[in-house]
Amino acid sequence: MPESRAPLELQGVSLADLQVMIDERRLPPVDQWNPAHCGHSGMRIARDGTWYHEGSPINRPAMVRLFSTVLRRESDGSHVLVTPVEKLEIEVEATAFRAIAMHSEGEGQDRRIAFNLDSGDAVIAGPEHSLTLIQTERGPSPRIAVRHGLEAELSRPVYYEIAELALSEGADPPGVWSEGIFFPLAPVSAE
């Protein structure tokens, strides 16, 4: 079945309307599927977010969006593509997604921050979508929790926007509020 949903966009949309669009999106219940492991998919998500199959980039955005809907992270940290009848490993070099744009409404504790993902999805930072700064071998990696253990690494421009918000509000330690939760921008150890 081809992917028919259009990517979610932040431009010109209030965060209340964006939340409605997110809530109306029906994603497969991959957290409820537990088929036998069938092997490796031959797929890889590179650090820059490019999806590959058997060494060749997947150039059809709709296909990448479709695969992203059946992706989850296992308790051991591995990533799999899951359907009701099969589970295939997929190599993920950094995070499954990238946060490529953001939109903020409000100030201080009343702020809400939404992120556009390279998969065409969007998330609003809050209780279910925590914002963290993970210390990795390559340095700090700012991330937002997406779903099913998956994360999106914030692109450099998006991280700079978040850092600017944090510095402008003067909290100690620096951080940002979204959905009533304070997210400090201090690195924590990698998982």
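Any value given below was found using the heavy atoms of this structure, including those in side chains, with hydrogens, waters and symmetry copies removed.
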Does Leu66 reach the side chain of Ser68, with side-chain heavy atoms less than 4.5 Å apart? no

Contacts of Val64 meeting side-chain contact (heavy atoms from CB on, under 4.5 Å) (sequence neighbours excluded), chain-then-number -> Trp51, Ile58

Donor-acceptor check, side chain of His129 to backbone of Val146, threshold 3.5 angstrom: yes or no? yes

Rounded to the nearest 0.5 Å, what's the gap from CD1 on Ile90 to NE2 on His53? Could you check? 9.5 Å

Can any side-chain N or O of Thr95 pair as donor or acceptor with the backbone N or O of Ala152 at less than 3.5 Å? no

Closest heavy-atom contact between Ser119 and Arg65? O-CG, 2.8 Å

Looking at every non-hydrogen atom in both residues, tell me the closest pair between Pro174 and Phe182 and how far apart they are. C-CZ, 4.2 Å

Without hydrogens or angle criteria, can the side chains of Ser141 and Arg138 be said to hold a donor-acceptor pair below 3.5 Å? no

Any donor and acceptor pair, going by atom type alone, linking the side chain of Arg111 with main-chain N or O of Gly106 inside 3.5 Å? yes

Identified side chain to side chain donor-acceptor pair (under 3.5 Å) partner of His37 from the options Lys87, Glu74, Glu89: Glu89

For Ser155, enumerate each residue passing the side-chain contact (heavy atoms from CB on, under 4.5 Å) test, keeping only those at least two apart in sequence or located in another chain. Pro157, Val158

To the nearest 0.5 Å, atom CG of Leu71 lies from atom CG of Leu88 at 11.5 Å

Could you measure the distance from the OH atom of Tyr160 to the CZ atom of Arg156? Nearest 0.5 Å is fine. 4.5 Å

Joint hydrophobic cluster, Trp33 plus Val80, side-chain heavy atoms closer than 4.5 Å: yes

Could you measure the distance from the CE atom of Met102 to the CD1 atom of Ile162? Nearest 0.5 Å is fine. 4.0 Å

Look at the side chain of Asp118 and the backbone N and O of Arg98, then say whether any donor-acceptor pair between them is shorter than 3.5 Å. yes

Hey, are the side chains of Ile134 and Pro140 touching, using non-hydrogen atoms and a 4.5 Å cut-off? no

May I ask you to check whether over 12 heavy atoms, not counting those of Glu91, lie within 6.0 Å of atom CD? yes

Shortest non-hydrogen contact between Ala125 and Ser178, atoms and distance: O-OG, 2.6 Å

State whether the side chain of Ser41 and the backbone N or O of Met43 hold a donor-acceptor pair below 3.5 Å, judged by distance alone. yes

Would you please test Asp121 and Arg147 for salt bridge (Lys or Arg N to Asp or Glu O under 4.0 Å) and show each step? CA-CA 11 Å; Asp121 288 320; Arg147 63 178 176 271; 3.3 Å; yes

Counting only N and O atoms by type, is there a donor-acceptor contact under 3.5 Å from the side chain of Arg72 to the main-chain atoms of Thr69? no

Joint hydrophobic cluster, Leu165 plus Ile181, side-chain heavy atoms closer than 4.5 Å: yes

Within the distance-only criterion (no hydrogens, no angle test), does the side chain of Ser104 pair as donor or acceptor with the backbone N or O of Ile113 below 3.5 angstrom? no

Distance check, rounded to the nearest 0.5 Å: Tyr159 atom OH versus Glu164 atom CD? 12.5 Å

When you compare the side chain of Leu131 with that of Pro142, does any pair of heavy atoms fall below 4.5 Å? no

Could you report the tightest heavy-atom contact between Phe183 and Ser130, atom names first, then the distance? CE2-CA, 3.5 Å

Closer than 3.5 angstrom, by distance alone: can the side chain of His148 be matched with the main-chain N or O of Leu150 as a donor-acceptor pair? no

To the nearest 0.5 Å, what is the distance between CG (Leu117) and CD1 (Ile144)? 8.5 Å

For Glu169 and Trp177, run side-chain contact (heavy atoms from CB on, under 4.5 Å): C-alpha distance rounded to whole Å, both residues' side-chain angles, the deciding distance at 0.1 Å, then the answer. CA-CA 10 Å; Glu169 295 200 348; Trp177 289 89; 4.1 Å; yes

Only pairs at least two apart or in different chains count here, so list each salt bridge (charged side-chain N to carboxylate O under 4.0 Å, His left out) that has a residue in residues 34-50. Arg44-Glu93

Step by step, work out the side-chain hydrogen bond (donor to acceptor under 3.5 Å, both in side chains) result for Ser78 and Arg73. CA-CA 6 Å; Ser78 64; Arg73 190 170 181 194; over 6 Å; no

